[in-house]
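When reading the values below, keep in mind they use all heavy atoms of this one structure, side chains included, and skip hydrogens, waters and symmetry mates. Each ligand, and each atom within it, is numbered from 1 in the order the structure gives. Remember, it's a predicted structure, so these values are computed and weren't measured experimentally.
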Amino acid sequence: MRALCWEGVDSLAVRQVPDPELRNAHDMIVRVRRSATCGADLPLLGGRLPFQATGDVLGHEFVGEVAEVGPAVRRHRVGDRVVVSATVACGSCWYCRQGLHSCCDNGGTAPAVAESAWGQPTAGCYGHPRALGGFAGSHAEYVRVPYADVGAFPVPDPVSYDRAVFASDAAPAGWMGAELGEVGPGDVVAVWGAGAVGQLTAQAATLLGADRVILIDRHPERLRMAERHTGAETLNYDLTDVPAELRERSGGRGPDVCVEAVGAADGAAVPPTLAERFTGRRGGGEDPLAVREAVHACRKGGTVFVSGTFTGFVDTFPLGAVMNKGLTLRSARQHGQRWIPMLLDRMARDELRTEHLATHRLPLEQGPAGYALFRDRADGCVRAVFTPQG
Ligand SMILES: [Zn+2]
Ligand SMILES: [Zn+2]
């Protein structure tokens with residue numbers, strides 16, 4: 001089959017790779033119909049994660065049709081339309097039973113790698129190297145889905161693939177930021193980053209009863225899109241003193257909940273940080289610019305939720321502000337298995353619309369060009385979505 005492969009720093013190519021096969025009884029194979037780019041791919045593009053290898057197949061957000069099922073798969077049949085959580089989790093360990101699927105004990109295949117980086121193993125994620133399981137990605141004609149009964153969900157009839165693909169990762173990540181950030185009725189919520197996750201956080205915050213939602217970015221076309229589709233207010237941080245403006249819009253206190261949806265997405269452009277120079281470890285330094293501002297702007301006693309992707313160490317983290325202002329700091333990779341059925345219901349009822357986020361729909365063969373558009377935010381790109389099987 002054809003797949004979009006990482007070929008080295010800032011180099012991608014579409015290549016012929018072996019077809020995936022069932023490896024255990026709970027696996028299934030999905031024929032990929034839509035596969036989205038994501039900010040979490042950008043550190044991979046730059047070769048910033050340990051154990052990346054030439055030929056790795058990228059992509060972790062996808063929908064498609066079931067092509068083949070293992071003998072123990074109960075919930076899916078060949079031909080079903082399914083969306084698959086980007087998080088690979090077993091569904092039966094202690095963490096999965098608490099709904100903390102991205103903390104799964106059994107989702108990775110090389111637990112020692114994650115243990116050495118983070119102290120404990122975590123769930124897997126498609127299209128990532130060994131610390132996250134080493135599962136081949138979805139920018140391919142077919143993908144192997146382990147724990148199929150746990151990670152894949154039927155797409156309701158009225159929901160198009162273009163909408164459902166965002167239930168794989170971006171929508172659960174957005175929902176998580178608002179729900180675990182404890183957004184409630186009457187809250188003022190600020191969200192850094194008006195990409196797909198930021199816009200979906202804003203929609204989730206509104207659905208959870210927030211009084212005002214303010215999205216912060218510097219790309220005017222993203223801010224316009226966010227105003228049109230999420231109903232949120234916006235701030236351009238190139239033109240505004242963000243903390244001052246947020247105080248102004250929140251009775252002088254600062255937002256109750258601040259969600260960071262940027263991560264190390266701009267990481268490739270960031271010079272080596274102190275931690276990186278000190279440890280000499282690649283991928284070890286990530287600039288938490290938006291986290292810093294969120295901590296600074298948040299009202300005393302408020303919550304900061306970090307949704308953006310970080311993998312290693314950060315410098316200049318304002319722990320003093322967290323402590324002295326009594327902030328609650330939370331974060332997670334998304335526990336999609338917990339929220340995807342609810343999100344698909346909302347999509348089916350037209351309460352949650354996401355297809356506008358796919359600003360560029362491209363055949364797989366244009367994968368390298370799609371990532372260039374996405375990385376550079378060129379031509380108003382929010383997400384490039386590939387169509388490996390039309
Ligand atoms: Zn993603
Ligand atoms: Zn588990």
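- Checked against the 6.0 Å centroid criterion, the rings of His139 and Tyr371 qualify as a close aromatic pair.
- The nearest N/O/S atom of Glu61 to the Zn ion (ligand 1) is OE2.
- With respect to the Zn ion (ligand 1), Asp169 has OD2 as its nearest N, O or S atom.
- The hydrophobic clustering, which links ILVMFWY residues whose side-chain heavy atoms are closer than 4.5 Å, places Val242 and Ile214 together.
- With respect to Asp350 and Arg163, a salt bridge is recorded, a charged nitrogen being found less than 4.0 Å from a carboxylate O.
- Within His60, NE2 is the N, O or S atom that lies nearest to the Zn ion (ligand 1).
- Here the options are Arg31, Arg15, Glu141, the test is side-chain contact (heavy atoms from CB on, under 4.5 Å), and the partner is Met1; only Glu141 passes.
- Checking Tyr161 against Glu65 by side-chain atom types alone, a donor-acceptor pair falls below 3.5 Å.
- Checking Gln199 against Thr230 by side-chain atom types alone, no donor-acceptor pair falls below 3.5 Å.
- Of all protein N/O/S atoms, those lying under 2.8 Å from the Zn ion (ligand 2) come to 4.
- Salt-bridge formation is not detected for the pair Asp149/Arg74: no Lys NZ or Arg NE/NH1/NH2 atom is positioned less than 4.0 Å from an Asp or Glu carboxylate oxygen.
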